[in-house]
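In this chain, numbering begins with 1 at the start of the sequence shown. Whatever order the structure lists them in is the order used to number ligands and atoms, beginning at 1.
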Amino acid sequence: MRVARVALDVPLPQLFDYAVPEGMAVVRGARVVVPFGKRSVVGVVMALGDASDVPPERLRAIAALAQDAPPLPEAWLELAQFAADYYQRPLGETLHAALPPRLRRPKPLERAPLAWAITPPGREALAALPARARTKRAVLALLAHGPAAADAPSLTTAAARRAVRELAAAGSIAPHRPEIAPVAPEARFPLTDAQRDAIDAVAAALGRFAAFLLHGVTGSGKTEVYLRLALAAVRAGRQVLVLVPEINLTPALEREFRACFPGHLLVTLTSAAAENERAEGFLAAQEGVARIVLGTRLAVFTPLPDLGLVIVDEEHDPSYKQQEGLRYSARDLAVWRARAVGCPAVLGSATPSLESWTNARAGRYRMLALPERARPGAALPAVRTIDLRADPAKDGVAATLAAAIEARLERGEQALVFLNRRGYAPVLGCGACGWAAGCGRCAAHLVVHLADRRLACHHCGRVEPIPRACPVCGNVDLFPFGRGTQRVEAALAARFPAARILRIDSDSMRAKGRWQSTSDAIRAGRADILVGTQILSKGHDFPMVTLVGVLNADAALFAADYRAPERLFAQLEQVAGRAGRADRPGEVLIQTRYPHHPLYRALVEHDFARFAEALAEERRVAGFPPFVHEAVLRAESRSLDAAIAFLRAAVRAAPREREGVQVYDPVPMTLSRVAGWERAHVLAQSRSRRALQTMLAAWRATLHGMRPPGDVRWHFDVDPIEF
Ligand code: ADP
Ligand code: ZN
Ligand code: ZN
């Protein structure tokens, strides 16, 4: 009897045994459909054996072997195993999180080939088919002239579809993949010396592992570096993985890669793609048809048998860290993959993460610098601070900034006003009794959204009507405190009545295609003032923006989260990078009460290195990452007491052998309640990643054996960024 050990999508650490039916060609990596309880579920075969601990009468059999795709390759299984081990999550859950959703469902994927070609038996069939088989003859006759696209009109009528299906089943026609060669980007400009040096350094490392930190200021032409390297790798017969934080916000990069890698050579993978499309993209990469995979963090799990280059753009972006389910860092897994296959990894950013910066300073990564803007004559914008103590803000905007906006309006240029808060006002409060509108399900205030006259929770999505009166004291004069994008938009509209103002935040950009049409409108000059959040800080190019104004950024200087300054610097440097990309010089004005704060000084001087060094020193002294390694054990429950009690028990059960690992006391998270769930956690820290990993693995094994009381659920978050 043959037995398959199958990984299933369940929160249990073990594999499940199933009997392999006679004649079923099951191998490691095969996707199979198996009975689990009363359900049929998809599993992945991890191993085969000839015995099981399950008594034969209880051993159930595999129901079906998935035929819609080849088995998952060995390298992919090893990636999933590594992610499961490192992020302390059961293998089955990890594997399934790494698969596209469509391949997790028992129903086979019906794959649509790109094109059809006639086979030699098909040519014989054409001669032999009776005249009444009209449609089949027509299809074969068409293909006898050469391959045809599967969506050609004459192949997509109902009758033709049936004929195609039957001819394919009979082997008369077969899927066809046209040979396409990549196209070198046309020589629009000579490369800068810095670009050339960066390309040469990475190109010389093709074929072996090396990690590069491409530290290039905004507008330094990083995309061109990625493109040339990708071209070199593809021409050398390799595949390339390109990760970006958000494809929709950086259409230029996708456009340039598309032009270089037409047709099926490139697939894009994002969570927004239709399920079938995502599965097709995954398989096109696995089968080697796609040579470039361009995608968001989930694309790091794409099987790439010929992987020869890994690129992570905007590597500092927090969206590379998945914050639920399998909590992985796509950037870190990407580097792991490069090391595993032995190819270079290029991490690019104008504001590298402190992790990558430290790796480069320690010599683990090689630093490549693009210190200047690529376009001849283009300079970095002049950054200045506005001291709010001397020049107080009126409706959020200081006189100096208002005058600078006015000047842009007169010159027909664009101004961008940045603040990191959407909605109208962050709080609705009562001046009489001190009440403030809070979310009933989260430990957070409701945000006033005047545009749709509602209060909204930015954590759980709950919306409520704006109350007419204070629910505590009945006062009808409720007051919005603070300022969000909607309120600033309204204030600017009042101050500059003739200006065309565009608000750009995740509320106004929700609809599909909205970002594209908005950025087209900006580029075409159909707006004068842009008001928006960090969406505007992502790498796009608005040549007519010559002024960036930053409102109230100070809160992040003193936030409890030690990563807040790092994020603030990155956001401001990126948003500043939007100013003056073309032939007109840009200006950045930052409103602050702390104009002498080192963070702002570093921005003024465009001195990322100094900022990073100072921050690194602070973290080293305080014992924070990247100088220590961290993980948290998090528990969630409707009751905070229950969550904390479970964590206390978990700490007591933690392995005693844990040299070099410090385990702290359970505490509620900063945002302790979300959507009705109370959240608490325990921090574990170590200077040694290995010591931490060993301890966590042992701890997790113990925890799987404990039964958490009531509704308590737990998970680990390794290298967490949320506390
Ligand atoms: P980054 O991603 O580093 O911010 P981009 O790759 O978007 O910068 O490049 C900024 C602009 O500079 C783009 O419009 C690009 O076409 C242009 N560019 C890139 N390289 C060169 C070059 N060598 N000479 C002139 N312009 C260049
Ligand atoms: Zn009141
Ligand atoms: Zn809420």
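Residue-ligand proximity, Val217 to ligand 1, at heavy-atom distances under 4.0 Å covers atoms 3 (O). Remark: ligand 1 atoms within the under-4.0 Å shell around heavy atoms of Pro190 are 22 (C), 23 (N), 24 (N).
For residues 428-453, the set of pairs meeting the ring pair (Phe, Tyr, Trp, His ring centres under 6.0 Å) definition, not counting sequence neighbours, comprises His449-His458.
At a cut-off of 3.5 Å, with distance as the only test, no side-chain donor of Ser637 or Arg713 sits close to an acceptor on the other residue. If you check the side chains of Arg331 and Ser353, you find a donor sitting under 3.5 Å from an acceptor. Judged by distance alone, the side chains of Glu314 and Gln574 do bring a donor and an acceptor atom under 3.5 Å apart. Side-chain contact check for Asp641 and Ser639: no donor-acceptor pair (N or O, by modelled atom type) lies under 3.5 Å. At a cut-off of 3.5 Å, with distance as the only test, no side-chain donor of Asn359 or Glu355 sits close to an acceptor on the other residue. Between the side chains of Trp357 and Glu613, at least one donor N or O lies within less than 3.5 Å of an accepting N or O.
At a heavy-atom cutoff of 4.0 Å, ligand 1 is contacted by no atom of Arg188, backbone or side chain. By the criterion of a heavy-atom distance under 4.0 Å, the backbone of Leu191, and not its side chain, is placed next to ligand 1.
Distances from ligand 1 to the non-hydrogen atoms of Ala252 include no value under 4.0 Å. Judged by the shortest distance from any of its heavy atoms, Ser220 lies inside the 4.0 Å radius around the atoms of ligand 1.
Protein nitrogen, oxygen and sulfur atoms, that is N, O or S, within less than 2.8 Å of the Zn ion (ligand 2) amount to 4.
Between Arg408 and Glu587, at least one side-chain nitrogen of the basic residue sits less than 4.0 Å from a carboxylate oxygen of the acidic one, meeting the salt-bridge criterion. A salt bridge links Glu605 to Arg610: at least one charged side-chain nitrogen sits closer than 4.0 Å to a carboxylate oxygen.
At a threshold of 2.8 Å, the Zn ion (ligand 3) has a backbone or side-chain N, O or S atom of Cys442 nearer than that distance. Here Cys460 reaches the Zn ion (ligand 3): one of its N/O/S atoms is less than 2.8 Å from the metal.
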